[in-house]
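Below: the structure, in structure tokens.
Quick caveat: nothing in here was measured; it's all calculated off a predicted structure. Side-chain atoms are counted along with the backbone in the values below, which use heavy atoms only and exclude waters and symmetry mates. Every chain is numbered from 1, with letters handed out A, B, ... down the list of sequences.
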Amino acid sequence: MTRGIWTRETVVLMLLAAYLPLALFWLWYGGTEAVQRLGLAALVLAFWNLAFLLARAQPISLAMAVTALAIAMLAPEGLGMFHLILGISFGAVAGELVFGGWGRNVVSPATVALSFLGFGFSGYPWPEFLAPVAWAAIPAALIGVAMGAMPAALVASAVVAAVAAVASGLLPPPALPAAGVVLVLLVADPVTSATTLLGRWLNGALYVGLVTLFALGWHGAAPVQYAVAAALLTSLAAPVLDEMALALWYAKRRRRHGQN
Amino acid sequence: MIDFSFRSGLTLRIPSPSPGPPEKAEVITEEAGLRASAGRAPRVSLDVEEGALVPQGATVARLRKSPDVCFVAPMPARVARIGLLQGHRLSEIVLFHEAGGDFIRHDTSQACTAPGLRRLMQTAGVWQWLGRRPFGGMPKPDDQPGAIFVMATDTTPLAPDPRRAIAGQEEAFGRGLHALTTLTDGPVFVCQQPGPALFDGAQSGGRLRTVNSGPRHPQGAPGLRVHAHFPATIARSVWDIHAEDVAQLGTLIETGYLPMRRLVSVGGAALREGRLVRTQPGADLRGLTHRIVQPGPHIVLSGSRLDGHAARWLAPRHRQVTVLPRPAAGKPPHWLVAALTRSAMPKPVIPNAALDQAFGAALPAAAFVRALGSGDDDSAMKMGLLSLLEEDVALADYVLGGDAQLPEILRAMLDRIRTEFAA
């Protein structure tokens, strides 16, 4: 019998399709080193997914490819292999697998791993994106939104907020490439972002607001560093934003239909 | 302001051959089966024995707890077989068509009063065509609805157009509508696609209201209309009924005869040609699909591709027959593949745009599906669970590839809430 296609793995495939331009440009300009990092991240994630498959019968998801790409692109440079493996393992296990696999997690595993690496081993330089790679975030966002895998309202509100922030002179333009790539890779993740319409608008605006705040007040931090920190705080706040939107919706319905 | 929710929903492309020329508008199948809606087997007491001749409209069985609610013969017939489960629960009663048989005329002298109309609807067999929310099923005989929804739109893929079904019966439809207003103190909503008015609402005291809905599924699903305009609660139930049934109720009140015909569409990928016929409720699905099915194994569903179930007889509230090719039983997957893909828990639902549209942007879809999946009764009730039935989440379940098992979870949750509040 025929069935609809929007299972978990279809959404992952759509996300991968969206990230394809970003990944290709990054690999093209990153060379062998980029391939090595991506391979290492994928290997570690595959190992932990297999371990949870055998121990807890959690089916493997292709989402680990998305996670691997995000970690490989955004992790601080110059970290040793041991540090990377430790950070990725922590992110995968504590961020995703103990909750029951991709789709049940609260924070994206890549965000957890990157925050762990960034705060745990400070002093290593954060990556900077070449212009072509940063521009590739735009087709990535467009494809993701068009495929319905990324929340359109979130991306739209982030863009609107960023334009407003840059126009008012608060957000320095050099922060934009990193903020854009992090928006696409970490913030627009459908699982850990807000799910209601109003929540998504707030979510995107909150992310840009935090990036602006960090850009102004966090001296000495690299753009990727504060974008990742903003992504972590935003995804932690996403359930609260959803609750706010729902409370508003309940109140509106109660006013219209009486007690329900 | 542009109303985006009007455009929301999905257009499904369910493969089906186009309906052939309507050379035979009315098809009365040789056999018909009396049955309850899917998943229900009410206790009944029988009025006839096997082999008896019954005129159209005669009572064949009645509910044991409320003997006024009757199952009636949809055509002049001979009772062929009575299938009862343990405890006198109705499985099916099979009738053979007897050409040239008699018709029962119901007494309509009391139809202008509310109790009289209720009794007429129950004895004439209209009661089964009513749906009740919350919890589903037909209403209790003394149930007082807060509102009644008349569904003059049906956005389910391949569904027959209700406007076409009641074409030529506008007067009877209006009479049925005015009769429905006596059953409730609340409003009666007529849900339709934008178009010419279906009734004359002048003498209804403003209780007859028109609700326009969009062309895409699930805009015309009763549950979402109820949710948007008059949410059902535990204390305040809401009924829904199809526009064609209202027109027949109007005819019943006027003449005393209930015309047991409904416009049914026959579609699906395993057909050579589609069909749009008037047939009796409880019609034999094989009789309806005879000679238009492609050779090869197939499944006949009563209802649409989304919410139908394999059956022999048309269910009381269904207006669609779907014939699908039966997939060949393939080889079982390799043990390693099976172990990698089979999970202890159902796979989680990832929020996406298709899911939002599958609920017609009427409720926070992802939050609702998460509340369903985690068994959070309170949140689900706040979001409008009590207005919904399986058929309303069938589209979302289809879109999600059946992984989430939404109709089953929804039914389990409704049953749990019912037992909690009954205690």
Measure distances from [X] to the heavy atoms of chain A and classify the residue's part below 4.5 Å as side chain, backbone, both or neither.
X: B:Leu363; value: both
X: B:Arg326; value: neither
X: B:Ala270; value: neither

Is it true that a side-chain atom of A:Thr10 and a backbone atom of A:Ile5 form a donor plus acceptor pair closer than 3.5 Å?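 Side chain of A:Thr10 to backbone of A:Ile5: a pair is present.
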Option that, when pairs with chain A are counted at under 4.5 Å, heavy atom only, ranks first among B:Ala353, B:Gly401, B:Ala358: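 Top count of heavy-atom pairs under 4.5 Å with chain A: B:Gly401.
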Which of the residues B:Pro348, B:Ala235, B:Ala354 is involved in the greatest number of heavy-atom pairs with chain A at under 4.5 angstrom?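 It is B:Pro348.
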Just wondering, more than 12 heavy atoms not from A:Phe116 lying within 6.0 Å of its CZ?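 Counting neighbours around CZ of A:Phe116, more than 12 heavy atoms of other residues, nucleotides or ligands fall under 6.0 Å, so yes.
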What part of [X] gets within 4.5 angstrom of chain B, counting heavy atoms only: side chain, backbone, both, or neither?
X: A:Val11; answer: side chain
X: A:Thr196; answer: side chain
X: A:Leu246; answer: side chain

Interatomic spacing from [atom1] in [X] to [atom2] in [Y] - rounded to 0.5 Å:
X: A:Leu69; Y: A:Tyr19; atom1: CG; atom2: OH; answer: 8.0 Å
X: A:Trp102; Y: A:Ser108; atom1: CH2; atom2: OG; answer: 9.5 Å
X: B:Arg305; Y: B:Gln320; atom1: CZ; atom2: CD; answer: 11.5 Å

Sidechain N-carboxylate O distance under 4.0 Å for B:Asp392, B:Arg133: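 Result for this pair is yes, salt bridge flagged.
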Can you tell me how the ring of B:Phe189 sits relative to the ring of B:Phe149, calling it parallel under 30°, perpendicular over 60° and tilted otherwise?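 Geometry flag for B:Phe149 against B:Phe189: parallel rings.
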Heavy-atom pairs under 4.5 Å with chain B - which of A:Arg104, A:Arg8, A:Arg256, A:Met14 has more of them than the others?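 If we count pairs closer than 4.5 Å to chain B, A:Arg104 comes out on top.
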